[in-house]
Asker: 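Can you read through this structure? Questions will come right after.
Letters A, B, ... mirror the listed sequences (proteins, then strands); counts begin at 1.
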Amino acid sequence: MELFFFLLSLIGSFIVIVIAYVVGSIIEKNHYDSIKQREKLYLNLPTVCLKKIELDESNVKDARLVYGSAVISIDHFKRFLSGLINIFGGKVIVYESLLDRARREAILRMKEMAADSDVIINLKLENASIGKTSSKDGKKKSIGCVEVLAYGTAITYKNEV
Amino acid sequence: MKYKPVYIEENVNVSKESPLKKTFVLLLGIIVITVISYFALGILADVIVVNLPPETEKKVGNLLWKPPVRSIIPKKEAKLQIFLEELVAELPEKEQMYHYKVYLIKKDEFNAFAAPGRNIGVYEGLYKELENKEEELAFVLAHELGHQVNKDPLRAVSRSFLITIVSQILLGDNNSISSLVSGSVTHMNLCYSRSVETKADLFAAGILKRKYGDVSGAIEFMERMGKKQKLKLPQFIHYFSTHPASEDRKKAIEEYSNL
């Protein structure tokens, strides 16, 4: 009898994973479309990791901190596949898109904050895990989500350089 | 330094591998490995168990199993023990050197079982109903004796022991995957136990034939079980149970007795 209920729960999990895959793929594709569209908009706002760039300090109108953050979560299908990959090792392909989206979204939001600036310098990125990351016996049962914070200094010139 | 705006279409940070394909490949790999190791470990467990000397078998058996709360009527248990000895006398020579003990357990369940250490448990529910049906009771005891002769209790223990250890080592504490594996192993165990039950049935039929000349006790018992089961379980549940359906068991015994 236990086996019967186990099989029922297995079928239930399978249905959840299939739904998660379908819905998750749609959400991811929409998000990527939005990201690509906005990246093209901000193409003319240079963002560099340099601490100093060649500029005439008397020409600087404004220099301020700008930052963008994004929190993205995985779906059940990704969690299942990452569990399988964890057994044999190798690239966890499902988490790659998660981090990529979060990173690009964070940078875009930072650029939105600095929309009227001329250049963003000293770009830095920070990652953080959100949700239950520590538990008594190391068994993580919760959905993992990651937060990416992108920050830098936005500089606005007085005159066109 | 001049800034030239260039849009990069190609996303270098995401692999082009299809996650669906990867899932199928990995799941298939795990299933194949599970099936192969189940059979390999099954063979290993059987080899270990079959080659144990009698004293070791008794010691290990008594370590693994202790009798639960017994019947409060020791006279009945003693009567059952004497009856068991009569059946033991029908066993092949080398099986008779073990000491078989039957425990009458105070529980109103219609069941009996074979436990490690050549111990047999009979529930009060079954004994009350079959107290005056000597041949049916003989079939039940002979069936459990069949398990003992085939060393089934120890085999089952060593199988599940080995499989649990190996799966813990290989899969670690990833819950969803190891429960998938243990579930499929449970199913394979059930198929194995059903074949083992049929063997015990036929063994018991042989004992009945030697002692009473026919297998009518076995047939009557199967009909009794069939009536009880019809009241409780729908047909498909038999797929998930440890014993084959009573109908099938009865047919097997009838075929065997006609040989």
Asker: Please state whether the side chain, the backbone, both or neither of A:L99 comes within less than 4.5 Å of a heavy atom of chain B.
Answerer: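 No part of it gets close to chain B.
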
Asker: Name the member of A:V94, A:V119, A:I85, A:I93 that forms the most heavy-atom pairs with chain B at distances under 4.5 Å.
Answerer: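 Option with the greatest count: A:I93.
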
Asker: Could you go through the side-chain contact (heavy atoms from CB on, under 4.5 Å) check for B:Y3 and A:I53 one step at a time?
Answerer: CA-CA 12 Å; B:Y3 171 68; A:I53 57 169; over 6 Å; no

Asker: Quick check for you: to the nearest 0.5 Å, what is the distance between A:E96 atom CD and B:N11 atom CG?
Answerer: 9.5 Å

Asker: In chain order, what residues pass the salt bridge (charged side-chain N to carboxylate O under 4.0 Å, His left out) check against A:E147, with sequence neighbours excluded?
Answerer: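 For A:E147 there are no salt bridge (charged side-chain N to carboxylate O under 4.0 Å, His left out) partners, ignoring immediate neighbours.
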
Asker: Quick one: closest heavy-atom pair of A:K91 and B:E17, and the distance?
Answerer: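 Closest approach of A:K91 to B:E17, heavy atoms only: CE-OE1, 4.3 Å.
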
Asker: Is the number of heavy atoms from other residues, nucleotides or ligands under 6.0 Å of A:Y67 OH greater than 12?
Answerer: no

Asker: Non-hydrogen atoms of chain B under 4.5 Å away: do they reach the side chain of A:K78, the backbone, both or neither?
Answerer: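 Neither the backbone nor the side chain of A:K78 comes within 4.5 Å of chain B.
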
Asker: Taking atom CD as the centre, does B:E109 end up with more than 12 heavy-atom neighbours from other residues, nucleotides or ligands that are less than 6.0 angstrom away?
Answerer: yes

Asker: Run the side-chain contact (heavy atoms from CB on, under 4.5 Å) test on B:N13 and A:R103 for me, step by step, so that the C-alpha distance in whole Å, both residues' side-chain angles and the decisive distance to 0.1 Å come before the verdict.
Answerer: CA-CA 11 Å; B:N13 288 314; A:R103 224 178 292 126; 3.9 Å; yes

Asker: Within the 4.5 Å heavy-atom criterion, are B:T23 and A:Y21 side-chain neighbours or not?
Answerer: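 The answer is no; the side chains never approach within 4.5 Å.
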
Asker: Below 4.0 angstrom, N of the basic side chain to O of the carboxylate: do B:E9 and A:K40 qualify?
Answerer: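 Judged by the 4.0 Å cut-off on N to carboxylate O distance, B:E9 and A:K40 do form a salt bridge.
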
Asker: With a cut-off of 6.0 Å (strictly less than), are more than 12 heavy atoms of other residues, nucleotides or ligands near NZ of B:K22?
Answerer: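 Yes - once you tally the heavy atoms of other residues, nucleotides and ligands closer than 6.0 Å, there are more than 12.
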
Asker: Tell me every residue that passes salt bridge (charged side-chain N to carboxylate O under 4.0 Å, His left out) with A:D33, counting only those two or more places apart in sequence or in another chain.
Answerer: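 A:D33 satisfies salt bridge (charged side-chain N to carboxylate O under 4.0 Å, His left out) with A:K29 once adjacent residues are dropped.
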
Asker: Carefully, step by step, assess A:I87 and B:L26 under the rule side-chain contact (heavy atoms from CB on, under 4.5 Å).
Answerer: CA-CA 9 Å; A:I87 296 171; B:L26 288 179; over 6 Å; no

Asker: May I ask you to check whether over 12 heavy atoms, not counting those of A:L43, lie within 6.0 Å of atom CG?
Answerer: yes

Asker: Testing the basics here: between A:S97 and B:V14, what is the closest heavy-atom pair and its distance to 0.1 Å?
Answerer: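 Taking every non-hydrogen atom into account, CA-CG2, 3.9 Å.
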
Asker: Rounded to the nearest 0.5 Å, what's the gap from CG on A:L84 to CG on B:L27? Could you check?
Answerer: 5.0 Å

Asker: Examine whether an atom of A:N44 lies under 4.5 Å from a heavy atom of chain B, and if so say whether it belongs to the side chain, the backbone or both; otherwise answer neither.
Answerer: both

